[in-house]
Amino acid sequence: MFSARVPAQLGANRLAAAVAARRAAGDPIIDLTESNPTRAGLSYPTALLTPLGDSRGLRYEPQPFGLMAARQAVANDYARRGVSVAADRVVLAASTSDAYGWLFKLLADAGDEVLVPRPSYPLFDHLTRLDSVIARPYDLEYHGAWSIDVAGVEAAMTPRTRAVLLVSPNNPTGSFVKQHELDRIAALCADRGVAVIADEVFADYELMPGAGGLAARVLDRRDVLTFSLGGLSKSIGLPQVKLGWLAVAGPDGLVAAALDRLELVCDTYLTVSTPVQASAAELLTAGAQVRDEIAGRARANHTHLAARLASTPSCRALHVEGGWSAVVQVPSLESEEDLVVSLLQREGVLTHPGYFFDFARESYLVVSLLPPPEIFAEGIDRILRHFDCSIRGHE
Ligand SMILES: Cc1ncc(COP(=O)(O)O)c(C=O)c1O
C-alpha cells in the first residue's frame with residue numbers, strides 16, 4: 001500500500017530504545033547530542049518574537065518567492081557576511097529541508113542522482129529518498145584537517161547526476177569548503193550541466209579564527225548554477241520560527257531559467273507564513289544577540305574539549321573549523337553501537353556514534369557544542385573515565 005519513498009522499517013534503533021528506557025526509569029542523562037538551541041539554556045531576549053504579532057501579518061498576499069521586504073532582509077543578511085546577492089535572487093522557504101525538496105523537484109527526475117558528502121548530515125538520506133532522488137556519496141578525507149576528495153566527486157558523477165551538495169561548514173566535521181575545492185567542483189559541474197547546492201546554515205559559526213573568511217563563496221560563481229541555503233534555525237537559533245531561504249547565482253540565463261521554474265514549484269506550496277515574513281528584518285537584526293551567545297558557547301566548549309583531550313593519549317578531538325559539533329576519535333574496543341549504548345547505560349552520557357553520519361571507519365563519537373559548559377565538561381569527563389576503565393579492563 002505504501003510507497004518505497006518511506007522506509008519499510010520504522011522501528012527505534014538500539015540507542016533510541018536505550019534512551020527511552022533510561023527516561024522511563026527516571027535516570028538522568030547528560031545529553032551531548034543536544035543541538036536544539038532552544039533547549040540549551042541560552043538567554044533569548046524575551047521580546048524577540050514580539051514582531052510576529054504585528055498587524056502586518058493579518059494581510060495575506062501570496063507571493064511564490066515571499067514578500068520582497070523579507071527577501072531584501074535576507075539579502076542584507078548575506079551582505080553582513082560580505083556576500084553580495086540581489087533580493088530578487090532570494091527565495092524564502094519554511095526551512096532548508098523545504099528548500100532541498102524544491103531544488104530536487106527543480107533539478108531531478110525520479111532516479112536521478114545527487115552527490116552528497118560523507119560523513120555528513122543524516123537527513124540527506126530521507127530528503128533525497130522522499131523526492132525519489134538517489135544520494136551518491138563522495139568522501140571527505142581527514143589528514144589532520146578535512147578536505148574534499150575532488151577526484152572522488154568526479155568518479156561519482158554519472159550521466160544522471162543533477163547536483164553536487166556541499167555543506168560548509170559541514171555537520172559534523174566542521175570543515176568549510178575551500179576556494180580551490182569549489183573551483184575544481186564548479187568546473188566539473190559546469191562541464192556537465194550539473195548544479196551546486198551549498199548548505200551554509202552554519203556559516204556564521206567559526207571555531208578556528210579566520211576559517212570562515214577562507215571559505216569558498218558559492219554566490220560569487222558566474223560559471224555554474226549555484227544555490228546557497230540558509231535559515232533562522234541556525235543563524236539566530238530559532239528553528240521553531242520556520243524561516244529558511246535559498247539564493248541563486250550562476251550564468252544569468254541559467255539563473256533566470258531556474259527562477260522561472262522554481263516560481264511554479266514555490267507557488268504550488270506557499271509554505272512560508274506571512275507573520276514570519278513581515279517580521280524577518282527585525283528578527284534578523286535582533287537575533288544577532290542569540291547568534292553571539294551560541295557562538296560564544298560553542299567556542300568555549302570546543303576550547304574545553306581541545307584542552308581536556310590534549311592530555312589524554314587514548315582519545316583525540318579532530319580538527320574542526322566551524323559549526324556546532326565536534327568529533328572525538330576513541331579507541332575501537334567494541335562496536336560504535338555497543339559503545340554509545342554502554343556510555344549511556346553505565347555513564348549516563350548520550351553521544352552520537354560516527355556511523356550515524358556515515359564515517360568510513362570506527363570509532364568516532366560526535367558531540368554537540370551547545371550544552372551548558374558545566375554539563376558539557378561533566379559529559380566529556382565521563383567519556384574519558386569510561387575509556388580509562390575500558391582500557392584497563394583490556395590490559
Ligand atoms: C547541515 C544542516 N542543514 C540543515 C539543517 C536544518 O535546517 P532547517 O531547520 O532549516 O531545515 C541542519 C540541522 O541540523 C543541518 O545540520
Side-chain angles (χ1 to χ4, degrees), residues 31-40 66 70 74 77-78 90-104 114-128 130-131 135 137-138 140 146 148 163-177 196-207 212 215-216 218 227-247 266 269 271-273 276-277 280 283-284 287 290-291 294 298 320-327 352 354 356-359 366-371:
D31 188 355
L32 297 191
T33 69
E34 185 59 86
S35 56
N36 175 346
T38 68
R39 286 200 305 235
V74 172
D77 199 58
Y78 273 105
V90 172
V91 174
L92 303 184
S95 64
T96 47
S97 294
D98 223 11
Y100 276 118
W102 294 346
L103 292 178
F104 295 155
V114 298
L115 305 192
V116 300
R118 174 174 66 188
S120 193
Y121 183 41
L123 209 63
F124 288 142
D125 282 347
H126 295 303
L127 289 170
T128 49
L130 289 173
D131 266 303
Y138 67 86
L140 306 186
W146 291 95
I148 297 177
V164 176
L165 269 54
L166 306 172
V167 186
S168 183
N170 186 36
N171 171 13
T173 60
S175 43
F176 284 94
V177 175
V196 172
I197 300 176
D199 182 329
E200 302 184 319
V201 295
F202 291 110
D204 284 303
Y205 300 97
E206 185 182 90
L207 292 166
V218 294
F227 302 91
S228 157
L229 271 47
L232 298 191
S233 284
K234 314 292 183 216
S235 82
I236 56 170
L238 291 179
Q240 76 279 35
V241 170
K242 308 306 292 180
L243 181 66
W245 53 79
L246 62 88
C266 299
Y269 290 92
T271 56
V272 194
S273 87
V276 77
Q277 296 185 56
L283 289 173
L284 281 162
V290 181
R291 174 167 53 245
I294 296 176
V320 61
E321 295 167 346
W324 292 3
S325 50
V327 181
H352 275 143
F356 270 22
F357 301 83
D358 224 357
F359 277 69
V366 175
V367 294
S368 165
L369 296 172
L370 288 196

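Counting starts at 1 for both ligands and their atoms, in listed order.
- The shortest heavy-atom contact between A93 and W102 is CB-CZ3, 3.6 Å.
- Ring planes of F124 and Y121: perpendicular class, angle over 60° (limits at 30 and 60°).
- The salt bridge (charged side-chain N to carboxylate O under 4.0 Å, His left out) analysis of residues 115-128, with sequence neighbours excluded, yields the pairs R118-D139.
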Enumerate, atom names and distances included, each donor-acceptor pair closer than 3.5 Å involving a side-chain atom of residues 228-243, sequence neighbours excluded.
residue: S228; atom: OG; partner: Y78; partner atom: OH; Å: 2.6
residue: S228; atom: OG; partner: E200; partner atom: OE1; Å: 2.7
residue: S235; atom: OG; partner: G231; partner atom: O; Å: 3.2

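- Considering every non-hydrogen atom in both L369 and A326, the closest pair reads CD2-CB, 4.0 Å.
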Just the distances, no angles: every ligand 1 N or O to protein N or O pair closer than 3.5 Å, one line each.
residue: ligand 1; atom: 3 (N); partner: D199; partner atom: OD1; Å: 3.4
residue: ligand 1; atom: 3 (N); partner: D199; partner atom: OD2; Å: 2.6
residue: ligand 1; atom: 7 (O); partner: T96; partner atom: OG1; Å: 2.8
residue: ligand 1; atom: 9 (O); partner: S233; partner atom: OG; Å: 2.6
residue: ligand 1; atom: 10 (O); partner: T96; partner atom: N; Å: 2.9
residue: ligand 1; atom: 10 (O); partner: T96; partner atom: OG1; Å: 2.9
residue: ligand 1; atom: 10 (O); partner: S233; partner atom: OG; Å: 3.4
residue: ligand 1; atom: 11 (O); partner: T96; partner atom: N; Å: 3.3
residue: ligand 1; atom: 11 (O); partner: T96; partner atom: OG1; Å: 2.9
residue: ligand 1; atom: 11 (O); partner: S97; partner atom: N; Å: 3.3
residue: ligand 1; atom: 11 (O); partner: S97; partner atom: OG; Å: 3.4
residue: ligand 1; atom: 14 (O); partner: K234; partner atom: NZ; Å: 3.0
residue: ligand 1; atom: 16 (O); partner: N171; partner atom: ND2; Å: 2.8

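- With sequence neighbours excluded, the residues satisfying salt bridge (Lys or Arg N to Asp or Glu O under 4.0 Å) with D131 are K105.
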